Number of protein chains: 4
Amino acid sequence: MLDLMAEAEPLNPARRRAPRADAVRNREAIVEAAAEVLAEQGAAVDVREIARRSGVGMGTLYRHFPKKEDLVRTVLRRDFSQWAESARLAAVDAEDPWAALADFYQQALTGYARHRAIVENLALTWAEPDLEGIQQLRRVIERLCARATAAGLLRPGVTTDDLLLLLISLGHAVQLTDECRPHLWTRLLHISLDGLRPGHRAPLPADPDQPR
Amino acid sequence: MLDLMAEAEPLNPARRRAPRADAVRNREAIVEAAAEVLAEQGAAVDVREIARRSGVGMGTLYRHFPKKEDLVRTVLRRDFSQWAESARLAAVDAEDPWAALADFYQQALTGYARHRAIVENLALTWAEPDLEGIQQLRRVIERLCARATAAGLLRPGVTTDDLLLLLISLGHAVQLTDECRPHLWTRLLHISLDGLRPGHRAPLPADPDQPR
Amino acid sequence: MLDLMAEAEPLNPARRRAPRADAVRNREAIVEAAAEVLAEQGAAVDVREIARRSGVGMGTLYRHFPKKEDLVRTVLRRDFSQWAESARLAAVDAEDPWAALADFYQQALTGYARHRAIVENLALTWAEPDLEGIQQLRRVIERLCARATAAGLLRPGVTTDDLLLLLISLGHAVQLTDECRPHLWTRLLHISLDGLRPGHRAPLPADPDQPR
Amino acid sequence: MLDLMAEAEPLNPARRRAPRADAVRNREAIVEAAAEVLAEQGAAVDVREIARRSGVGMGTLYRHFPKKEDLVRTVLRRDFSQWAESARLAAVDAEDPWAALADFYQQALTGYARHRAIVENLALTWAEPDLEGIQQLRRVIERLCARATAAGLLRPGVTTDDLLLLLISLGHAVQLTDECRPHLWTRLLHISLDGLRPGHRAPLPADPDQPR
DNA sequence: CATGAATGAGGCTTCATTCAT
DNA sequence: GATGAATGAAGCCTCATTCAT
C-alpha cells in the first residue's frame, strides 16, 4: 500500500512537476560516471572529475546531488544492488544449496575486486544498514543461508550475519591481493567454506549482539 | 678502547651526539600522538592535529619527519611491530601448536581493532613488503605455520601467505564490526580456523603465483 | 557553412565556447594585477597579494593559472611583448637607421625601469630563449641591427646578441639608478652607442660561442 | 683621530670584555661560509645552510649576527672590499692610464661573475652608499678616472659615477651570460670602453642629479 | 657561550561548494 | 535548468628567529 502511494506522485501533477526530458538523462550520466570513477579511485576523487566524465557542469551535478556524499550514497546503493543481483543470479542456477552458496561467493568476489568505493564503504553494512543495496545483498544471503541450513549442509548456528561478514572480509582480501597475488583469495574462500560445513567439533561461540 | 669511550658518551658530551634530552622526548611524543591520531582517524589527518596533540610546533614535527609520509611510515613500522610482538607473545605460551595459532589470531585481532591507519595500510603487505613491521608479522606467522604443519595439525598445503591474508581479512572484519557487533568476528575466526584444520574433502586450489 | 555557424557563436551559445563574459574579465584582472605586483616587487610576491589586488579569490586565480609559475610566465610574456612592441614603434618613425637604433634604446629603457620581474627574468634570454616575448624583442633588434649595418652606420661585427646584451645590461642599470639618480643611465647609453659606431681602432674580439 | 679612538677599545677592558679565543674564529668561519654560500646561491639561501657549512650552531650564528640581513651586509662589505682591492691591484701595474682602466674592468668583471649576492645587491650602490666595500670600490674608480682624465685619455665629462654604473651593468651582463655565452660580455666591454674614449662628436648629456 | 631543537607565521596549492550568466 | 567560473577554508611544507640545555 505504502509502496503504491509512493509511486502515485502523478496524482498531484502541479506539485512535483518535473520536466524529465534531459534532467533524467543527466542524472543517469552523472551516476554512471560517478560509479566508474568511484570504482576506479575510491571516494576521495575530485568531484570535478565526475562532472567532467559525465559531461555535465558542476552546477548540474550539485543540483541533483547537493552534497558529494549524496552522490556517493546513490552510487553505492546502485552498485551494491547490481552486485547483489549478479551474485544472486549466479546462485540460482545451482540445484545443490551448497553449490549455490559457493557460486554466490565466487561470483560476488570475482566481480567485486574492481570497486574501490564499495570496499571502502562496506563499513556501512552494520553501522548504517539502511543503504538499500546492502539490504538486497543481505536478503540474497539470507535465502542462501536458509536453503543450506534446511538441507543440513551448513554448520549449525551459522547466521546471515556470519555469511555477510565473511563476504565483506573476503572482499577486502580480494582487493588487496588482486594485483599482486590474484589467486590467493580463492584459497581463503575454500578454507572458509570448509569451515562453514557441518561436522566440526566445537560449536560456534554465541553472538549475544544478534538483534532478535 | 676508543669504541668503549665512544659509548661512554657522558665523558665527552661534545663529541658526536649531544644527548638531546628533550629532542628524544619530543620525537617520542610526536610518534605517540601520531599513532593515536592515525589509529583513530587514518592517514588522512591534518598534520596540525598531530602537532597539537603532541604539544609541539609544526617546525618540530617537520624537523623530525620531513614529510608527512615519513611520520606515517614510522608509526606504521612501530605499530606493526608492536602488534606482531604482542601477538607472538600470546602464542608462545601455548604448548599445543594449534592452540598457539588460535591464540595468536585471537590476540592479534583483539588488539588490532582500533587502528585505522594500519588497516588502511595492510594493502602494502604484498605491494610493498619492505615495511619492517610487516616482515616481523610474517615471520611470526611463518613459525606458527611450520609448527602446526609439522605436528600435522594444519591442513596440507596451507602457507604463510594464506595465514597472513586470513589475518588481514579478519582484521578488516574486526574493524567493521567492532563498534556495532563486537562479537561477530569471533565466530568468523572460529569458522576459518576450522577450515584450516586437516581432514577436509577437497585439497586447496594451487597458488600459481607463490614465489617458489 | 558549419564553420561559419561555428563563428556565429551567439546563434548557438551552448555549442563550444560559452562567451564566459566575466571569466575573461577576471583573467585579465589577474594578469593586470600580477603585472603590477611583479613589476613592483619581483617574482617573490605572495600569490595572495595578487589575488587580493585583482579582486578574485585564490581559487579563481588557480583556475586560470594552475601554478604560480604559469602566471608569472604569462605576465612576462605579455610584458616582454608590450615592451618590445612599444620600443619597436619608437624606432620605426626614424628614417635614419642610426636614429632608429637610438630611439629604440631610449624608449625601451625608459618604459622599462619599473619592472622588477622582467629584470629578474632577463636571465632567461639565453638560458631559456623560448619565452615568446624575448623572441619578439630579439627580432626587433635583429632588424635594427641589419638596417644600421647595411647603412654602414654600425661598427663592423656587431651582432644582435651584442645589442641584446647591451639592452639587458643597460636595463639593469636603469633599474638601479631610477630612484636615486634618474639621469645617470642616459649617459651610459650615450657612451655605449658611441662605442657602437664604426671607426674605432681595434676590431671587436671574436665571439666563438656564436651559434653559426 | 677618530679612527684611532675607535681602535682604542682596550682602554676600558671591563666594558666590552671579549673572550676572543674561539668567538673570533667562529665569527670568521661564519662569514667565510656565508660568503661561499651567498656567492653560489644569492641572498635567498636558508640560514641553516650557512650554519652547517661554517660548522657552528644556529645560536652562535645568531649571536654574532642577530638578523640574517646583518650577516649578509657583513659579507657584502667584505666581498666588495676584496673585489675592489683585487681590481685595484690589477690596475696599478699598468703605466698607461688607459690600460689601467681597461685592466681594472677586465679583472673586476672576470673575478666577479661568480658572486650572486653581490650582483643582487649592487642596487645598494646609490640607494645606500654607506656600505664600506662600495666606497672602496668607488675610490678606486675615482683614482682611475682622475688619472685617465688628466692624461686626456678619457672622454670629457665622464665621471666616477658613470664608470661605476658601467661596472655594475657589465657585471650583471657577465652574470647572465657566464654559463651559456661566456665570451659575449667581453665584446660589450670593448664597445663601452671605446665609447669612453675622447673624440666623439656629441658631448655627454648633463647629469643634473650629480651631488656637488 | 655554543648548540641545535623548537617555534609558528606565511607560502603554495587543492577541492567541496556556491553563484552569476 | 544548465553551465562552469568563483570562492575560500584547509592542507602540506619552509625558514627566519628564539630558547632550553
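Lettering follows sequence order; numbering is per chain, from 1. The shown structure was predicted, so the numbers you read here are calculated from the model rather than taken from an experiment.
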Just how far, in rounded Å, is [atom2] of [N] from [atom1] of [X]?
X     : N      : atom1 : atom2 : value
C:K68 : E:dT14 : NZ    : P     : 15 Å
A:F65 : E:dC15 : CZ    : P     : 21 Å
C:R52 : E:dC12 : CZ    : P     : 11 Å
B:E49 : F:dA9  : CD    : P     : 20 Å
D:I50 : F:dC15 : CD1   : C1'   : 12 Å
A:Y62 : E:dC19 : OH    : P     : 13 Å
D:R27 : E:dT3  : CZ    : P     : 16 Å
B:I30 : E:dT7  : CD1   : P     : 9 Å

Query raised in the report: Taking for each residue the nucleotide of DNA chain F bearing the nearest heavy atom, is the 5' side occupied by D:A43 or by A:V56?
Result: A:V56

Per [X] side chain, nearest of listed nucleotides [options]:
X     : options               : answer
B:N26 : E:dG11, F:dT17, E:dA6 : E:dA6
B:A23 : F:dC12, E:dA2, E:dA6  : E:dA6
A:V47 : E:dT14, E:dT17, F:dA2 : E:dT17
A:D46 : E:dA6, F:dA2, E:dC15  : E:dC15
A:M58 : E:dT18, E:dA6, F:dT7  : E:dT18
C:T60 : E:dA6, E:dG11, F:dA6  : F:dA6

Report task. With side chain to side chain contact (heavy atoms under 4.5 Å, CB included) as the test, would you mind laying out the steps for C:V24 and C:R27 before giving the verdict? Result -> CA-CA 5 Å; C:V24 169; C:R27 190 190 161 94; 5.8 Å; no

**Report entry** Nearest-0.5 Å distance, NE2 of residue B:H115 to CD of residue B:E36
**Finding:**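 Rounded to the nearest 0.5 Å, the NE2-CD separation comes to 10.5 Å.
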
Requested in this report: Please work out if D:R63 contacts a base, only the sugar-phosphate, or nothing of the nucleic acid, heavy-atom cut-off 4.0 Å.
Outcome: sugar-phosphate

Report task. Answer whether the closest heavy-atom distance between the side chains of C:Q82 and C:D79 falls below 4.5 Å. Result -> yes

**Report entry** Test item: A:R78 and A:E32 side chains (from C-beta on) under 4.5 Å apart, heavy atoms
**Finding:** yes

Query raised in the report: Counting a pair only when it is Watson-Crick or G-U and both distances are under 3.5 Å, which runs of at least 3 such pairs involve DNA chain F?
Result: E:2-21 with F:2-21

Query raised in the report: For A:T60, which of A:R63, A:M58, A:H64 qualifies under side-chain contact (heavy atoms from CB on, under 4.5 Å)?
Result: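 That would be A:H64; it is the only one of A:R63, A:M58, A:H64 passing the side-chain contact (heavy atoms from CB on, under 4.5 Å) with A:T60.
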
Report task. Using side chain to side chain donor-acceptor pair (under 3.5 Å) as the criterion, list what pairs up with B:E49, not counting sequence neighbours. Result -> B:R52, B:R53

Query raised in the report: Any donor and acceptor pair, going by atom type alone, linking the side chain of C:Q175 with main-chain N or O of C:V119 inside 3.5 Å?
Result: no

Query raised in the report: Closer to the 5' end of DNA chain E via nearest nucleotide, is it B:H64 or C:P66?
Result: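 Looking at DNA chain E, the more 5' nearest nucleotide goes with B:H64.
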
